[in-house]
Undergrad: 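A single structure is presented below for examination.
The figures here come from the full heavy-atom set of this structure, side chains too, leaving out hydrogens, waters and symmetry mates. Naming: A, B, ... by sequence-line order, numbering from 1 per chain.
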Protein chains: 2
Amino acid sequence: MNGPMSYTYKYPRPALTVDCVVFGFNGTGLEVLLIRRGVEPFVGSWALPGGFVHMDEDLETAARRELLEESGLSGVFLEQLCTFGDPGRDPRGRVVTVAFYALVRPDQHPAKGDTDASDAAWFDTAKLPPLAFDHGAILEVALERLRGKIRYQPVGFELLPERFTLAQLQGLYEAILGRPLDKRNFRKKLLAFDFLVPLDDYSGGAHRPARLHCFDRAKYEALASKGFLFEL
Amino acid sequence: MNGPMSYTYKYPRPALTVDCVVFGFNGTGLEVLLIRRGVEPFVGSWALPGGFVHMDEDLETAARRELLEESGLSGVFLEQLCTFGDPGRDPRGRVVTVAFYALVRPDQHPAKGDTDASDAAWFDTAKLPPLAFDHGAILEVALERLRGKIRYQPVGFELLPERFTLAQLQGLYEAILGRPLDKRNFRKKLLAFDFLVPLDDYSGGAHRPARLHCFDRAKYEALASKGFLFEL
DNA sequence: GCAAAAGTGTTTATGTTACACCCATGT
DNA sequence: ACATGGGTGTAACATAAACACTTTTGC
């Protein structure tokens, strides 16, 4: 004859947070958005944006809220990564965190000072500072996941502007996979799936202009649902 | 000048549980281990084994503890799947669950009555009863994951006995992928990676005996670390 | 001796890799 | 006119797919 809440409130509970690994592409390398902590513990250290989950919000909602509050980002690609719950990961006590990773397009990048957190900055994934808590480990897992995912799902487009050149796309793949790709083979393969739409517009560079393309999500979804596989 | 614990204890917290999707292979089809609930809510419904996370234990530790307590299983393959935190998923209040999936070999299957939970039973994944909470959705995600994973990581061996025939292995792949495979091509491909060791022993069937093989994990790890890919 | 599953190679089609030159623009 | 990145096709090679018959055992 217990009330409906009695069972779940009998025991002490871990605190629950969300943390986001936010990836961006600067045209050359893959970057991550970090926040400088203004409070203990780890004051002054760089950390992943994140915070406590509210009692009435979904996990993804919490992640999007923190992303907005701490870095002014909204409407980005966001996916759950993994949950980290080592009892020693937070010196304040037991804190379990659900990690997400986000992909943001250059035009979605927060302007400097767009955030209310003291500092936010992009770091090259190859030159990361020491991070607070176990955020370094979380970031590693996120990188692994991105490298795996980009090979069989067209997530790369979430890191490029709406309209992009094939050279930009190739550069992105090379940056994430960490190896050079053959230009002709890359173009051949990607254009063979026909979810890449050539536009009648060209990038104005210092040299010969490159044709712009955009990603036709609807066409991709259609193919994907017909049991089609992407593969690099 | 707050004590180190004050910040994290300021707010109400969701309860935190773990749930496990336990897969087994009966020689023909893929099965899942379910527990019949003995308490409200959902008394009498089938549910995934799982329970509350203790304050001093890791998430995986909690999952293994629950697996042992509720189904007598230990030493199985176990991997984190995803975390489910919809505010409405548990009628008792806010409960966030970290889902895991486990793969168990036939010889690890709990004997009937091995569990202290009232009932535990294996169900064919094609004929599942309605499940408590959002466990049906969790199970779907686990199935998806297994289908994806088996194609590029040798997890199939976690579902077969130590020594198995190639026909058993092929049957397992067919059951998980849900389509028939060509016998000759399957054998050719798997034997080409040489982490499958042919033994000098044969299965005693009703007909011509089949050669037994075992999986050489060390050889596989060696190949995998040299940047080798499995791919069905 | 027959029913049932085990075992075995070759050919064809498809996809992947390697590779070099001309083109269009800005300075 | 030259420097810079954009754009294009083909041949060799490797991998995947399709396919049928003989062998061994229990009954």
Side-chain angles (χ1 to χ4, degrees), chain A residues 25-29 150-152 154 160-161 163-175 177-214 223 226-232, chain B residues 25-29 150-152 154 160-161 163-175 177-214 223 226-232:
Chain A
F25 181 62
N26 62 13
T28 330
I150 205 172
R151 297 201 25 219
Y152 62 93
L160 290 177
R163 292 138 40 94
F164 51 86
T165 69
L166 291 181
Q168 284 177 294
L169 187 60
Q170 184 179 342
L172 171 62
Y173 273 81
E174 290 177 330
L177 298 177
R179 64 188 157 100
L181 300 171
D182 181 89
K183 183 166 52 157
R184 281 180 287 192
N185 293 336
F186 181 80
R187 299 164 92 91
K188 206 189 315 169
K189 183 152 193 175
L190 280 196
L191 293 172
F193 314 128
D194 57 14
F195 48 71
L196 232 43
V197 184
L199 303 173
D200 284 330
D201 202 358
Y202 295 81
S203 76
H207 300 290
R208 171 171 176 181
R211 177 162 221 135
L212 293 169
H213 294 73
C214 72
L223 287 173
K226 288 199 187 15
F228 139 94
L229 259 189
F230 180 62
E231 290 289 340
L232 161 70
Chain B
F25 181 62
N26 63 13
T28 331
I150 205 173
R151 300 204 22 222
Y152 62 94
L160 291 177
R163 294 140 36 98
F164 50 86
T165 68
L166 291 181
Q168 284 177 295
L169 186 60
Q170 182 178 342
L172 171 61
Y173 272 81
E174 290 177 331
L177 298 176
R179 66 188 155 96
L181 299 172
D182 181 272
K183 183 166 53 157
R184 281 179 287 189
N185 292 337
F186 182 81
R187 298 164 93 92
K188 206 188 314 169
K189 184 151 192 176
L190 281 196
L191 292 172
F193 314 127
D194 57 16
F195 49 69
L196 232 44
V197 185
L199 303 173
D200 284 330
D201 202 357
Y202 294 81
S203 77
H207 301 289
R208 174 173 176 179
R211 178 162 222 137
L212 293 168
H213 293 73
C214 72
L223 287 174
K226 287 198 187 18
F228 140 94
L229 259 188
F230 180 63
E231 290 289 340
L232 160 70

Undergrad: Are side-chain heavy atoms of L181(A) and R179(A) found at a separation under 4.5 Å?
TA: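 A side-chain contact under 4.5 Å exists here.
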Undergrad: Counting the atoms with a prime plus P, OP1 and OP2 as sugar-phosphate, which does K189(A) contact under 4.0 Å by heavy atoms, base, sugar-phosphate, or nothing?
TA: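 Answer is sugar-phosphate: K189(A) comes under 4.0 Å of backbone atoms only.
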Undergrad: Does dG26(D) have OP1 or OP2 sitting under 4.0 Å from an N or O in the side chain of R208(B)?
TA: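 For dG26(D), OP1/OP2 do not have a side-chain N/O of R208(B) under 4.0 Å.
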Undergrad: Give the nucleotide from the list dG9(D), dT10(C), dT25(C) with an atom nearest to the side chain of P209(A).
TA: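 Nearest to the side-chain atoms of P209(A), counting from C-beta on, is dT25(C).
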Undergrad: Side chains of Q170(B) and L190(B), heavy atoms from C-beta outward: is any pair under 4.5 Å?
TA: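 No, side chains not in contact.
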Undergrad: Please tell me which of the listed nucleotides, dT25(C), dG9(D), dA6(C), lies nearest to the side chain of A210(B)?
TA: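 Closest nucleotide to the A210(B) side chain: dA6(C).
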Undergrad: What is the distance, rounded to the nearest whole Å, between atom CZ of F193(A) and atom C1' of dG15(C)?
TA: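 Taking CZ of F193(A) and C1' of dG15(C), I get 11 Å after rounding.
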Undergrad: Provide, to the nearest angstrom, the distance between the CD atom belonging to Q168(A) and the C1' atom belonging to dG5(D).
TA: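 To the nearest whole Å, that distance equals 13 Å.
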Undergrad: Taking atom P of dA16(D) as reference, at what distance in whole Å does atom CZ of R187(B) sit?
TA: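 The answer, rounded to whole Å, is 18 Å.
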Undergrad: May I have the distance from F186(A) (atom CZ) to dA18(C) (atom P), rounded to whole angstrom?
TA: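 Rounded to the whole Å, the gap is 16 Å.
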Undergrad: Tell me: CZ of R184(A) to P of dT17(C), nearest whole Å?
TA: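 Interatomic distance, CZ of R184(A) to P of dT17(C): 14 Å.
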Undergrad: Between the base of dT16(C) and the side chain of K188(A), is there any donor-acceptor pair under 3.5 Å?
TA: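 Donor-acceptor pair under 3.5 Å: no.
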Undergrad: State, to 0.1 Å, how close T165(B) and Q168(B) come at their nearest heavy-atom pair, and which atoms those are.
TA: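 Nearest pair, atom of T165(B) first, then Q168(B): N-OE1, 2.8 Å.
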Undergrad: Is it true that D201(A) and R211(A) make a salt bridge, defined as a side-chain N closer than 4.0 Å to a carboxylate O?
TA: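 Result for this pair is no, no salt bridge flagged.
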Undergrad: Between K183(A) and N185(B), which has a closest nucleotide on DNA chain D that is more 5'?
TA: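 It is K183(A), whose closest nucleotide lies nearer the 5' terminus.
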Undergrad: Using atom CG of D182(B) as one end and atom P of dT11(C) as the other, report the distance to the nearest whole Å.
TA: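 So the CG-P distance, D182(B) to dT11(C), works out to 17 Å.
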Undergrad: Determine the contact category for R211(A): base if any of its heavy atoms lies under 4.0 Å from a base atom, sugar-phosphate if only primed atoms, P, OP1 or OP2 are that close, otherwise nothing.
TA: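 R211(A): backbone/sugar contact only, no base atoms under 4.0 Å.
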Undergrad: In whole Å, what is the span from the NE2 atom of H207(B) to the C1' atom of dG7(C)?
TA: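 For the pair H207(B) NE2 and dG7(C) C1', the rounded distance is 16 Å.
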Undergrad: For the pair made of CZ in F164(B) and P in dA6(C), what is the distance, rounded to whole Å?
TA: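 For the pair F164(B) CZ and dA6(C) P, the rounded distance is 14 Å.
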Undergrad: For residues L223(A) and F195(A), report the shortest heavy-atom separation together with the two atoms involved.
TA: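 The answer is CD1-CD2, 4.1 Å.
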